[in-house]
2 protein chains.
Amino acid sequence: MDAEAIKLSLEESGLRCTSQRYAVMAFLLEHNQHPTAAEIFAAVNRLDPRSSRATTYNNLRDLVQAGLVREVAAEGRAARFDAKGMRHHHFICDGCGSVEDIEWYDVPKPGSRSLGKRILRECELIFRGRCTRCAPRHDPRKAF
Amino acid sequence: MDAEAIKLSLEESGLRCTSQRYAVMAFLLEHNQHPTAAEIFAAVNRLDPRSSRATTYNNLRDLVQAGLVREVAAEGRAARFDAKGMRHHHFICDGCGSVEDIEWYDVPKPGSRSLGKRILRECELIFRGRCTRCAPRHDPRKAF
DNA sequence: TATCAGATTAGATATAATCTAATTTTTCAT
DNA sequence: ATGAAAAATTAGATTATATCTAATCTGATA
Ligand SMILES: [Mn+2]
Ligand SMILES: [Mn+2]
Ligand SMILES: [Zn+2]
Ligand SMILES: [Zn+2]
């Protein structure tokens, strides 16, 4: 996704393309490691222009509201984010806590009986286990 | 699950059945609203015996490690917990943030091609939308 | 009973997120 | 261009959540 496309997607969502907001969005688009707000703040300030912590949080909030960014559901203290590009699932490593993307495939919806009067919008599938780096350290005779 | 069964499940996991630890476990078993640590702390102290905040957090950590309790994956600030009884999925309300249980059903695993060298242990399915209470307030003409 | 590991406690500390009020930047009507 | 209004940014204070520390308590066991 090039600079112009990012600018456009922001403006289509009713958000001005400020340099700080652009930097957050661009960083998320080119890093799929699901960084925390603190990591994003550090990363966008490594380059110009400077952005404050409050602005980083404000922009993440705005981008999530606009549907361009997602706050990933995960346990743990700090929220993690990714750009909502192609649909995908997530894999969370028991060993190191890393969150990785898994290719999307369709998930069966719950029956209307168990859904009741609830209105279903979307679903999110999280896998757990050991990532490629952590798998070798894992003794398969021991349960987690 | 009666008192004796709780005591037993704790001891099978190598945890002493202290009154504070019992209270946390019993509370989670009879409330499926996925309370936060603060809510659990308040609830177990409404009755005797008193338990400190540190102990509530310590016991939640121990119970999660022992596999009796789960920290639910969800966005938002405070961690939420439930007793790992019967397997189930979760529904998180866009409106009020409540987390509700959804009857379990099997979920197709990702293909070994997209899984790579990762070791899969389990999966967790999260639905999003409007809960029964929030659904009526939702104007279906407006997107979220 | 004496010992000791496990558990609890109050309060201090750390971490993550949000708020506040001042300032800067952009937009837009004139 | 000019000035007013709106939007965005900022540093730092504040709040919320979680963990740590070091002293004390409890209960199992010898
Ligand atoms: Mn992702
Ligand atoms: Mn549950
Ligand atoms: Zn790993
Ligand atoms: Zn609701």
Side-chain angles (χ1 to χ4, degrees), chain A residues 6-7 10-28 34-45 47-66 68-81 97 99, chain B residues 6-28 34-45 47-66 68-81 97 99:
Chain A
I6 294 175
K7 186 165 179 291
L10 289 175
E11 281 162 359
E12 273 169 13
S13 304
L15 297 171
R16 283 190 199 158
C17 182
T18 65
S19 61
Q20 292 91 342
R21 191 171 285 153
Y22 175 91
V24 169
M25 195 65 212
F27 180 78
L28 283 174
H34 310 86
T36 64
E39 288 165 348
I40 295 166
F41 171 64
V44 302
N45 280 325
L47 327 164
D48 259 353
R50 301 205 75 70
S51 179
S52 74
R53 195 163 39 91
T55 296
T56 303
Y57 276 100
N58 287 345
N59 281 330
L60 282 168
R61 191 224 312 113
D62 296 344
L63 291 166
V64 168
Q65 271 190 7
L68 296 171
V69 166
R70 154 175 54 189
E71 180 181 337
V72 177
E75 78 280 26
R77 213 100 117 61
R80 293 169 162 275
F81 301 88
V99 181
Chain B
I6 293 175
K7 186 165 179 290
L8 232 90
S9 72
L10 289 174
E11 281 162 359
E12 272 168 14
S13 305
L15 297 171
R16 281 191 200 157
C17 182
T18 65
S19 61
Q20 293 90 343
R21 191 171 283 154
Y22 176 92
V24 169
M25 194 66 210
F27 180 77
L28 282 175
H34 311 85
T36 64
E39 287 164 350
I40 295 167
F41 171 64
V44 302
N45 280 325
L47 327 163
D48 260 354
R50 301 206 74 71
S51 178
S52 74
R53 195 162 41 91
T55 296
T56 303
Y57 276 100
N58 287 344
N59 281 330
L60 282 167
R61 192 224 310 111
D62 296 343
L63 291 167
V64 168
Q65 270 189 7
L68 296 171
V69 166
R70 154 175 54 189
E71 181 182 336
V72 177
E75 78 280 27
R77 212 98 115 61
R80 293 167 163 276
F81 301 88
V99 180

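Only a predicted model underlies this, so the values are computations on that prediction, with no experimental measurement involved. Chain naming here is simple, since letters A, B, ... match the order of the sequence lines and numbering starts at 1 in each.
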Between B:N45 (CG) and C:dT9 (P), how many Å, whole number?
-> 8 Å
Between D:dA7 atom P and A:L10 atom CG, what is the distance in whole Å?
-> 17 Å
Among D:dT10, C:dA12, C:dA17, which nucleotide sits nearest the side chain of A:N58?
-> D:dT10
A:R53 side chain reached by A:Y57 side chain, heavy atoms, under 4.5 Å | yes
Interatomic distance where CD1 belongs to B:I40 and P belongs to D:dA18 [whole Å] | 10 Å
Name the closest nucleotide to the B:R77 side chain, picking from C:dA17, C:dA7, D:dG12.
-> C:dA17
A:E75 versus B:V72: any side-chain heavy-atom pair under 4.5 Å?
-> no
Ignoring the backbone of A:A54, work out which of C:dA10, C:dT26, D:dG12 is nearest its side chain.
-> D:dG12
Find the distance B:E71:CD to D:dT17:P and express it as a whole number of Å.
-> 14 Å
So does A:Q20 get a side-chain nitrogen or oxygen closer than 4.0 Å to the phosphate oxygens (OP1/OP2) of D:dT10?
-> yes
Between B:R16 and B:R80, the residue closer to the 5' end of DNA chain D by nearest nucleotide is B:R80
Beyond-backbone contact of A:F81 with A:L60, side-chain heavy atoms, under 4.5 angstrom = yes
Is it the case that A:R50 and A:N45 place a side-chain donor and acceptor less than 3.5 Å from each other?
-> no
Give a yes/no on whether any side-chain N or O of A:Y57 is located under 4.0 angstrom from OP1 or OP2 of C:dT18.
-> no
For B:S52 and C:dT8, is the shortest distance between a side-chain N/O and OP1 or OP2 below 4.0 Å?
-> no
Under 4.0 Å between a side-chain N/O of B:T18 and OP1 or OP2 of C:dG6, yes or no?
-> no
Write down the distance between CG (B:L15) and P (C:dT8), rounded to a whole number of angstrom.
-> 10 Å
Is there a side-chain contact between A:S52 and A:T55, using heavy atoms and a 4.5 Å cut-off?
-> yes
Given atom CZ of B:F41 and atom C1' of C:dT9, what is their separation to the nearest angstrom?
-> 11 Å
Could you state the atom-to-atom distance from OH of A:Y22 to P of D:dA7 in whole Å?
-> 24 Å
Does any donor-acceptor pair link the side chain of A:R53 with the base of C:dT18 at a separation under 3.5 Å?
-> yes
Within less than 4.0 Å of OP1 or OP2 of C:dA7, is there a side-chain N or O belonging to B:R21?
-> yes
With a 4.0 Å cut-off on heavy atoms, is B:S51 in touch with a base, just the backbone sugar-phosphate, or nothing at all?
-> sugar-phosphate
To the nearest angstrom, the CZ-C1' distance between B:R50 and C:dT8 comes to 14 Å
Using a cut-off of 4.0 Å on non-hydrogen atoms, how would the nucleic acid contact of A:A79 be classed: base, sugar-phosphate, or nothing?
-> sugar-phosphate
